[in-house]
Each structure stands twice: as C-alpha cells, then as structure tokens.
Amino acid sequence: MKSTVLNFELKHWVKQPLFYFLSFGFYAFSLVTMLGTGGYFDDPSTTSELQSTLNSPFALSFIGFLLVKLMLFAFGVFGGIGIQRDFSSRIFGILYTYPVRKTNYLGGKLLSALFPVLILVLLTYSGLLTGELMLGTDSTKIGAFDFFGYFIGVCFYMLPTAIAISVFVFVSVGITRNIYAGFATVIFFILFQLILENTLFQYPNVLALLDPFGENAFIQATADWSIADKNSTMLPIGTMAVANRVFWLIATLLLFGWFVRKFNFQYSPFSLFGKMSFRKRKMTRKASGSYTVQSSTRKTSVFSFNSFSQLKQLTRVEFVSILKNKIFILLTFLACLLAFLIQLKVTNTGTFNFAPKTRIILGLPLSVFVQIVVFCTFLTSGTVVKRARRVNVAALEDSTAVTSSNVFFSKTIAIVLTIVMQLVIFTLASILLQLFNGQASVEIGLYAIHVFGLILPILICWSIFSQFVHVLIPNLYMSLGVLLACWLGVQSIEHLGVSTSVLKLYNLPVLVYSDLSGFSQLGSYLWLMLYWVLFSVILALLTFLLWIRSSELSLISRWSIFRKRMTRARSFVFTILVVNFSWLGVSIYSNERGEAHYSNDLLDANLAQYESVWECYALLDQPKISNVDLVLDIYPDEKRFSAIGEYFLVNKEQAPIDTVFVRTSYDELTTIDWQGKAKLILSDSLFHSYLYSLDEPLLPGDSVSLHFTVESNENTLFYRNSSVLSSGTYLKQDFLPRIGYQFVEHEQEVDKEHGHRHNYFHRDADLVKIRTTITTQSNQYGIGPGELLSKKENGNRATFVYETPKPVKFNFSFHSGDFQFKSTKYEEVEIQAYFAADHGENVEMMIDGLKAAAEFNTQLFGTYPYETVRIVEFPHTEESFSATLTSNNIPTSELMFCINQKAMGGDVQLPFYVLAHELTHEWFGNQLIPADNAGAKMLTESITEYITLCIYEEHFGEKKAKEFLEVQYERFREGRKVEKGEESTLADVLTHQEYISYGKGAIAFHEISEAIGRKKFNTLLALFLKLWDANAGKYPTTYDFINFLKDNSGDQYHKLIDRWFLEIHPI
Amino acid sequence: MKISIQNISKTYTNGVRAIDHLNLEISQGMFGLLGPNGAGKSSLMRTLATLQSPDSGEVWLNDLNILSNPLEYRRVLGYLPQEFGVYPKETAQDLLHYFGILKGITSKKERNAVVDYVLDITNLTEVRKKRVSTFSGGMRQRFGIAQLLLNDPKVIIVDEPTAGLDPEERSRFLNVLRRISNENIVLFSTHLVEDVRALCNDMAVVNKGRLLAQAPPKDAASSLSGSIWETTLEADRLANLEGVIPLSEYFSSTGEQINRVYAKAKPSDHFTGVTPKLEDFYFLTLKTA
C-alpha cells in the first residue's frame, strides 16, 4: 500500500511544472554561483595571494550552507504539498474510509515528499560540479576534483538538513491542514538558528549541537583551519558535527513517530487539545437546530452608499484578517525577538559593549527586521490576494457591486497598514529598550525619518511587487517561488556582472547614519527610492488591470480582460509613468557610470602605460617638504573646501636637483604655481602627475617655495567627491600636493649607500613645521595641527590660526564641526575634547587614558612637546579605525564615544586603552620614526601596544593587564587563520599584518620584558628612542632595534629575542 | 422587468463549447433552468452573474446591457453558486457584514438592520455568532441565501441550490426562494424536475449549451396530454415500435418494471394512457433534441 501511495504521488510530482521550475532554478543558481565566485565572468587577473579554492570539502560544505537557506522554500512546498492536497481537494473524506494503514499512508506520503527534495539537493550539487568543470583546473580557485567534498556536502550536511526540515514541514501541515504552516516552519528554522546564534554564542558546544543546519558545528570543526587547511582534502567534520547530525536525526524520527501515533483517519483535524475538539462538536450540533420560515419583513431596501466609506470598511476587514493570521503574528514576534537579539549582539561584541544608540538600532537590527517584514509581506499579500479563491468565496464576492478599485485598494492599504504596524512595533520596542538601558535621549525624529520616511516606502514597493506577482500568477507556490527568487536573486545579481542599481530590484544603498553628520548617501538613496516608487506605481496599475474578477483564469481570457480595462485614459497615464521611469533609470545609470572623478578601473587599465613613462623618475633625487603654510576654507553647508598653500622644499641630497616630480590628489582640483621658477615638462592628467624643470637647479641645502591651490570637487548623485560634511568634517593631508613618484615599494633591505634616509611614512618629508589658517562657519569650530594662535569671527565665518611649536611628522588632520567641548589639565598640558552632543559619556575615561599615558611616557621617555592635546570626534562613516595621532590631535571615531563602558563592567576599558595607545605614539611613532623598511610597524605599533599594556597594568592592576594580553593572543590566533600570504616574522612584519604587529608584537615585547626585567627593558627603550630621535633625521630599522637590544641585554636573552622577533612560531 | 439573452456563445480554452447560440427571455418570477449534468447551466449562470464573458451575444436587463455595465447590474444582482466556501474563522454575522460592505451597504446602522433581517428570514439568528464553516449543508445553503438577499436584489441567480439537502431542508429552502420571487426574477437551475414543477412559473430545458425548449411547467406537462403511456413491455421490444419514445421506467409496488413512453396515439393494448408529468416533457425534450 505504501508503494501505491508513493507511486501515485511520484507520478503527480513528475507532472508538475513547479518541480521542473525549481529543479532547473536551483541547478542554474548553484552553477552561476560557482562560476561567479570562481571569476568566470570577470576579466582574467593574477595574484600572488593564496586563493581559497571552491571545490575543496570545506568550500563545498560551506557553499551548501548558503544554498540550503535558499532551498528552504522548496522544502516548504515539497514537504507539505503531498499531504495538504488530500485536504484541499477534499479527497481525504473518501480516502480515509479505505482500509489503509496509517503507517503506509503517512510513510508513502513522506517518502514522496522527500523524493523531490532529494532530486533538488542532487541537482544543486550537480550545478556546483558543472561549475567546477567549466572553470577547470586552470582556475586558481579550483583544486583537484575531490569526490568526498561532494559526498560530505550532500550526505553529511545538506541532505540530512533537508530531510529534517521536510519532515517538520510535513508534520506541521499534517496537523494544521494548512500549507502556510509549512512556510512558517521553514521560517521558524531560519529564525531558530539566528536566535540560537544570538543567545548561545558563549556556549559553542550547545550552539553546535542545536543548530538545525549543522552550520555552527561545521564552523566549530574548522575554526582553527588556515586557508591552506581549507583548501586541503581534510573533511570538515568534528565530534560536535556528528553529534549535531545524530541529534537532529533522532529529533526528526521522534517527531515523525509521534505524528504517526497521533494521526487518525478522521474528518476533523486531530487536535493537540482533546477537550477543545469536544467543545467544537457540541457547538456544531447545537447550531443545526430546527428551522422555520420567518415572517419578518424587510426593514430597508435603499442603502446610503459611500464609496470611500466602503473602501475604509473593506480595508478594516482585510487588515483584521491579516492580524488574526497566526503565521503573521508568529513572524512579527520572531522578527522583533531577532531584532532584539541582534541589537544585543551588535552592542555587545564579546569584547566591547556599545550603548544602544538610535543609529545602532537603526542599523543591523532594523535591517534584519525589514528582511523578515519583506518575507512576511510576501505571505500576507498572497493570503489577501488569493484567500477568496482559496476558500471558494470568490464567486460570491466577485458578483457583488463593489468596484474592483475598492477591492484592490482595500487589500493594498491593508497590507501597507500591517507593514506600518510592524514598523511601529519595532520603533516602540526599540524606544522602550533604549529607555530601559538608560538612554536619556531617544531620537524620535531620527526614528520617524529613517523608519517611516526612508524604509517604509521601499517596503510598500515590495508589497506592491508582491501583490503584482500574486495576481499575475494564480498558483500560490509558483508566485511565492518567483517572489523569493527575485528577492534572493537581487543579492546574487552582481555575480553575473550586473552592478547597476537600476537593475537591482528595490536594492538601495545601505543607509549609514552618524550623529555628527547625518545620513551618508542620502541623495542617491532618495533618487533610487523615487525610481523604484515609480516602478511600483506602474506595477500597481498593471496589478489593477490584471486583477482577477472572473471565473476565467486562462491567459487568453485574462489578456482579453486586461485589454478591455486598459482604457485610453489609463494608457495615457501608463505611458507617462513608463516614460518618466525610463528617463529616471537612464539618468541614474549614466550618473552611476559617468560622474566619478576618477575610476579605479580606468587607473588600473592605464597603469602599465603610466609606469612605462614615469617609473624612470622614481630614482630622481627630490627635495623634501620642510615648511607648510596653509589657508583652508571649509564650507560645511556647501560640502566643499578650498585651500591655498605654500611649501618650502629643501634639497637634502648631496647633488643639485633640477627636476621636481609633483603629484596632486585624485579627488580634488589642484593648481601648482612655481612663480616663474619652473616649467612643466611632462604631465599625466589621469594619474595627476607633473614633472617640472627648475629654471635654476636647487643646490644641496637650498630651498624653493611651491605655491598651490586646492578645490574640492562637487559631490554627485552617487559619488561623494568632497570630504566636507555638514558637521564633523575630517580632512587629512591627502588633499595636499606631494613630491616624487608614488609607486615606490618600501625598502626590503637597508640601503647601505644611502642609509636610513627615508622614513616609513613619507619619502617626501622628514619633520615639518606647519601653520594653518582654518576658516569655517561661525557655528562650527575649526581645528588644525599645533597650538591655537588666534581665533576670530567675522560675520558668519570664524577663523582659527594654528601652528606647530616644533617640526612634526607629515600627518595632519583638519576638522570643522559643531562640537561639545570639555577641557582639563595634566601638569602643564591642556587636554581638550571635542565631541558631538550626547557623546560625552566616555570622554572622562578617554581623558584618564591620556593622563595615564602622559604620566607613564613622560617619566620614561621625556616630556610631552605640546601645550595642548585634543581628542576630536569624527563620524564613524569616515574611517574604520578607532583613533589616530596627528601632531597633537587625536581624531577619534564616533564609535569610541558610543561604547557602553558601564554595561561592560570590568572588561577592557576601550576608550582608556585607545587614547593611551594613541598618545604613546607621540614617542614611538612621532619622535621615533622607523625607516622605510619592512618591519616598521614593530617599532611603532608593537612597542606602543607593549607600553599601553604597562600603562594599563599600572592603572588597573595585573589581572586586567592579563585579560588585555589575552585579547592580544586571540587577535593573533584569529589573524593567522585568515592570512592569505605568508606569515612574516615580527622583524619583517608587513603593513597589513596587524595581527602580527599589534597582537604578536604586544606579547613578544611583554615576554622579553618579563625575562629581562621590566625596568631594565623600559630603560633600554628610552635609550633607543634617544639614539634614534627623528628630530635628528635618523630612522631606525627593526634590525637596529634587535641589535641594540642584544647588545644591551645580555647573551642569555639572544635566543629569546631571536625567537620572538626573527622566527615564525605559533604561540 | 425581464432578462433578455440574445444569441450568446461561450467556448472555453480547452475547446468545450459550453453555450451555443442561446436565446432566452426570463421574466419576473421563478424561472427554472433544467438540464442534465454538463448541459451548460452553470456556464450560463456564471455568465448571467458577470463572472465570465460570452464570446459573442448580448444580455440585457430591461434596457441595461449587463455585459458592458456589469457594476450597475451587480447592484441588483444576488448570486448563489452551486458550490461556495466561507472564510473558516468567521461567524455568520461577521461574514454577512463583510458581504454587506461589498454590496455597498456602508452605513453600519443600515447594515445591522439588513443583516438582522436576512438572518431572520433564513432562520440563522440563533447561530449568527457561530462560525459558518461549522454549519451543516442546509444551514450553509441558507447562509448562501442570506448573503444573496443583503442588497435586496431584483435578479436572483441560484445554481443547483438544493443539491445535497435533506427533504425537509430542501422544502424549506425552496419556500424561502418562493417568498422572495414575488417581485423579482429568480433564475433557478436544477436537474430535479420536481423542484421546477413545485416552484417555477416558467422554465427552459438546455443541453449541450443550447436551448431545447422554454415553457411554463404547467403548459409543458399539459402539452403532452394524450401522448404519455405506461406499459410493462420490455425495453428492447419498445425500441422496435414505431413512433414510441421511451421516456423513463420505474418499478411498481409488485416489483414489475413499468416503462413510461411517448406516442402520439396508443401504440397497442399493452399500453395504458396516463396523465403527463413535467418529467415526461423534460425527458422527451432531451431525447428529441
């Protein structure tokens, strides 16, 4: 009997276009994914970095985890439809009277549900295999074919997951007799995993065991794998992965066993609560009582009709019907729960804790919430559009005198209202959460603008698109499949080489908000929003014209009805909309492509030619910048700046210089003026390179002045060409002209002839003096390098004059913002903090960090050379780093001001640590500047990290310092895992290898200092600093330091020193 | 008030010709549409309910072309299809309010009155707060009538409404229809001749989408007066008799098979003249079409 049921169901599947649609869809998707990731659609390129291969057991399992999420919807269909169609077709009334054993019936149904799932899984991996074969072993991303890679991906990870979820879907549909329960089940699985990840991250074994996809068990099993390991034939299976698979296998079997036991061939669905079903039966009997014809008379026959009132009332009915939907309630609840958990996770990263600022809540938590709302909208719009036909009420409704427009708009408005309601719930819950966490200032206005002004319109667009698809395709599964394919396809469209926003359905730039400068990319967001809104209006009109109000569902009939409804007036409106939409699309497309002032692609394409002409000038002796005089006018309202400046260039070489190589910024418009002392002999406007011949050669020790002007470019729709913000402008020295050829690699070995004549940071400048006049709006404060000499206001402009009291490294920052201000003194040094309103919570801790660093370093390495040190906040949108030291300014990221140190309790005090670290760079980084060699960061970051650790220990005690050191160990271990090149020794650490320079460096210096003795070691550091003072134009290499240390510590430490600095060894 | 169906045809995309150049006049009162299964009754009903458009032809309600003015026509239309569903979790009262809104009764006060009236007339007042999905077949059909009556329709179309009802429910259901047919057009399709005989003042027989006959039931039966005979002769022998058209058969209380036939004159002594019934007209029409 089981085989009869199975055969019958299988025959059904092979006749279903949906089966072929999904099978082909997933095969094609996995194929395109493999090809796209493997660079099949890209131009050929070469790289020396170690590439991750795509066909290793690790990669194939990893890709499987991504694909299985996309396949969940298919599991929802296949898992539930077999048993559901017996209910929907009402054949169960007959079938259940047959002498069939329920094990045979349910077994046959389940096996038939698993058949298409198996086919889908196999086809998906076949797509990957085809991709592998098409890419071929010539591709750097394809290794040798490994059967076990596919075997593990299919049999150990994807198929068991697919079977487990399909069984859960099967049971949920079997219990409820509602196919939507199947979709709710797959959504539940996604959310369940997310909830586990956000709640159990501190219990990795429990997380690995419970994760229904086995993904966290996989991550745990491969956590320590390097890229080479991931490319090897090692199988990504660990103990917890096996336990996870067994756990879910048992859970699946138990669930199915329970279902078989509870299932009965009954007309009524079986209830988990027996008493309730009894009560229902009683009610039904009572309801079928006696019947007599009444003699009442009609009270009214002429109705007062109001079309708007009808629309309102119908909307209410539709809205209430959605609200009563348990799946909607469940999804909304889970969306809120997930948003809450993600908010907890992003504000508590394990090491650091951020305050739940509005902009944080409106970041990832809102983004995840919105994704679930979009999915929820697919379901609700499907329910609303198709429910009359699904329960066979359509004939009654369609024959009433209600206008199709009222039916259409009532459903549309009801869906929009549910979206609004979900967003209101999110907003209120978030505000309550903020208040609960002691956030005094809840930015209601920001919520209103972001959630309801910028997100809601796009969600409405999704709802219209969703309605359109549901109306166009009467089959619910097919329409949901198309919607999901569009939704997920948008994320993958770039794999096909499509980068333009006009083809990425409802995909807008990510909104990033800074408390200082507001939204970034708002202009492009609004234009794209308008574009998609227009598209949705067109879709709404088409949806209305395609609206089914007939018993005829054939394409021919619907096309005929569509043509009848497309009146002349509607055609006119439709044409106007399409023309406007197209015009907007074309202008956005041309904006995207044409308005960048430079393009990396263009530069890359012309690099070889440029180098062939200009590389010969790399060896030219060039003068160095010694003095800078700059007038910088910042216009925050207009988002632009202009600058006039003068350099004094000094010939520090032994021979005369007659040719000067000048480079100007790519982003700005620069003019160079030698005031008649030089002629332009060669130029390249693409690479902004200019070669000047001096009228009179510059003799050794002589100087010449170079005048320049710099203007920021205007911002365009999609490109921000100017770094000026409405508040919190942070300009670096990048906009200034530079001297010499730019593509010079750091010297790998010390140039014996020239010694250490270039520093690591700037080949065209040793230490320089700079005087800056900054003008800005009078309601903003201008900040530049050095001490403030004067400040005055003239109308709506304010002028600030700064000068460095001594020559400094050519690293400058210029700021303008509407800042709050706090000031305190340490000895003779004034510590100032400039920060955004409501960002003052951590300022005291930052100041403490500066004081502690000043005290520690002053005692060991000499006095702080400025009268002032400034902490200046910059928007987190501008730079990814936490803080940096530029002369006596420490530009500090907005993120540092939002760390919730109170909530972190005794954990590492990041604001203290970061500021102490940066100020320490005044000695190791500014006073001691490494030579232009590999390993330079050991002399800046490693030493600074070590000193910061000492400061931390002095301030917070040994226990806290050990915790801090543990963070460095972790940093090193994690960094090694993702190293794509070769791991360097500390002495030769490369610029990007921060896990070595910071992580390993801190540990190395700590270990050596512990061996030698902390006091002695620190004294040696002080001596080395004195020996290599940058003021004397001397730049050491790491080997200078290592030799110095060996010479002054003792033979017994040489092995230890070599081990830490010159060897690669795992910690 | 009358509906005039003029030469309408409808062929579905699968090639089935459901309505074939059909002409029909339907006047006030109960109009029965008789025909076997698949005769095209439901297709005609759906067309008259504006749920599908004919490929050709016109349909008029007095001076109103209902195909080009469906909305206006729907204001006076009440339709009960052969099969209909309900929203599973809605009570009778809530659903009637919903249909009331769809039918344009936007004043809540008026709608309350109308819903109470239709619940009353269909005797569903007691169960108004129960879910319709839990109703028995008869109650559900009464609910169908209740929703139909909400807009005080002038044209009522009911498609095989008594199918599946027990005799008591059926009788009472038909009484409701009879009561509401006084001033309206009630188009009532069935394959039960008895229902038409008991209710309708006019009727039509259709098969294969074509109109085979139209006549008041009484006239239809009496038109066969002197032409209907009963005999115990076996069916195969009847087939050889010229001018005899077998219509139906039944078994007498003694277990004898009696054949009922049409013949213009008494075929032989084995035949006994009987009073014609509407059923005879129906079968004769189908067999002679």
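In the text below, chain A, chain B and the rest are named by the order of the sequence lines, each starting its count at 1.
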Report task. Would you check if there is a donor-acceptor pair between the side chains of B:Y98 and A:E397 at a distance under 3.5 Å? Result -> yes

Query raised in the report: Under 4.5 Å, heavy atom to heavy atom, which residues of residues 83-94 of chain B contact chain A?
Result: B:E83, B:F84, B:G85, B:V86, B:Y87, B:P88, B:K89, B:E90

Report task. Please confirm whether the backbone N or O of B:D159 pairs with a side-chain atom of B:Q82, one donor and one acceptor, at under 3.5 Å? Result -> no

Query raised in the report: CZ of A:F333: more than 12 outside heavy atoms within 6.0 angstrom?
Result: no

Report task. Measure B:S53 against the heavy atoms of chain A and call it side chain, backbone, both or neither at under 4.5 Å. Result -> both

Query raised in the report: Do B:F135 and B:R142 come close enough that some side-chain heavy atom pair is under 4.5 Å?
Result: no

Query - B:T122 side chain to B:A146 backbone, donor-acceptor under 3.5 Å - result: no

Query - Contact summary for A:E318 and A:A414, nearest pair of heavy atoms - result: CB-CB, 3.5 Å

Query - chain B neighbours within residues 382-392 of chain A, where any heavy atom lies under 4.5 Å away - result: A:R387, A:A388, A:V391, A:N392

Query raised in the report: Where the side chain of A:D398 meets the backbone of A:R549, is there a donor-acceptor pair that is under 3.5 Å apart?
Result: no

Query - Interchain contact, B:K109 with chain A, by part (heavy-atom threshold 4.5 Å) - result: neither

Query raised in the report: Is the backbone of B:P54 close enough, under 3.5 Å, to the side chain of B:T47 for a donor and an acceptor to pair up by distance?
Result: no

Query raised in the report: Does anything in residues 57-72 of chain B get under 4.5 Å of chain A by heavy atoms, and if so which residues?
Result: B:L71

Query raised in the report: Shortest non-hydrogen contact from B:K41 to B:V206?
Result: CG-CG2, 3.8 Å

Report summary line: Ranking B:L51, B:L80, B:T13, B:T50 by heavy-atom pairs under 4.5 Å to chain A gives rank one to B:L51

Query raised in the report: Between B:L148 and B:K103, which heavy-atom pair has the shortest distance, and what is it?
Result: O-NZ, 3.4 Å

Query raised in the report: Between B:Q147 and chain A, which part of the residue has a heavy atom less than 4.5 Å away: side chain, backbone, both or neither?
Result: side chain

Query raised in the report: Is any side-chain heavy atom of A:F328 less than 4.5 Å from a side-chain heavy atom of A:C376?
Result: yes

Query raised in the report: Can you tell me how far OG1 of A:T412 sits from CZ of A:F544, rounded to the nearest 0.5 angstrom?
Result: 10.5 Å

Requested in this report: Under 4.5 Å heavy-atom distance to chain B, tell me which part of A:S410 shows up: side chain, backbone, both or neither.
Outcome: neither

Query - Per-residue contacts, residues 555-567 of chain A versus chain B, heavy atoms under 4.5 Å - result: A:I556, A:K564

Query raised in the report: Under 4.5 Å between any side-chain heavy atoms of B:L77 and B:I157, yes or no?
Result: yes

Query raised in the report: Angle class for the A:F408/A:W547 ring planes (parallel below 30°, perpendicular above 60°, tilted otherwise)?
Result: perpendicular

Requested in this report: Would you check if the side chain of B:N201 reaches a backbone N or O of B:M30 as a donor-acceptor pair within less than 3.5 Å?
Outcome: yes

Report task. Determine, step by step, whether B:D116 and B:R128 satisfy the salt bridge (charged side-chain N to carboxylate O under 4.0 Å, His left out) criterion, reporting the C-alpha distance in whole Å, the side-chain angles of both residues, the deciding distance to 0.1 Å, and the verdict. Result -> CA-CA 9 Å; B:D116 286 348; B:R128 68 188 184 282; 5.6 Å; no

Query raised in the report: Without hydrogens or angle criteria, can the side chains of B:Y12 and B:S43 be said to hold a donor-acceptor pair below 3.5 Å?
Result: yes

Report summary line: Separation between CD1 (B:I8) and CG (B:L44), nearest 0.5 Å, reads 5.5 Å

Query raised in the report: Which pair of non-hydrogen atoms, one from B:D55 and one from B:T11, has the smallest distance, and what is that distance?
Result: OD2-N, 2.7 Å

Requested in this report: Under 4.5 Å, counting heavy-atom pairs only, tell me which of A:V317, A:V402, A:T403, A:V407 racks up the most with chain B.
Outcome: A:V402

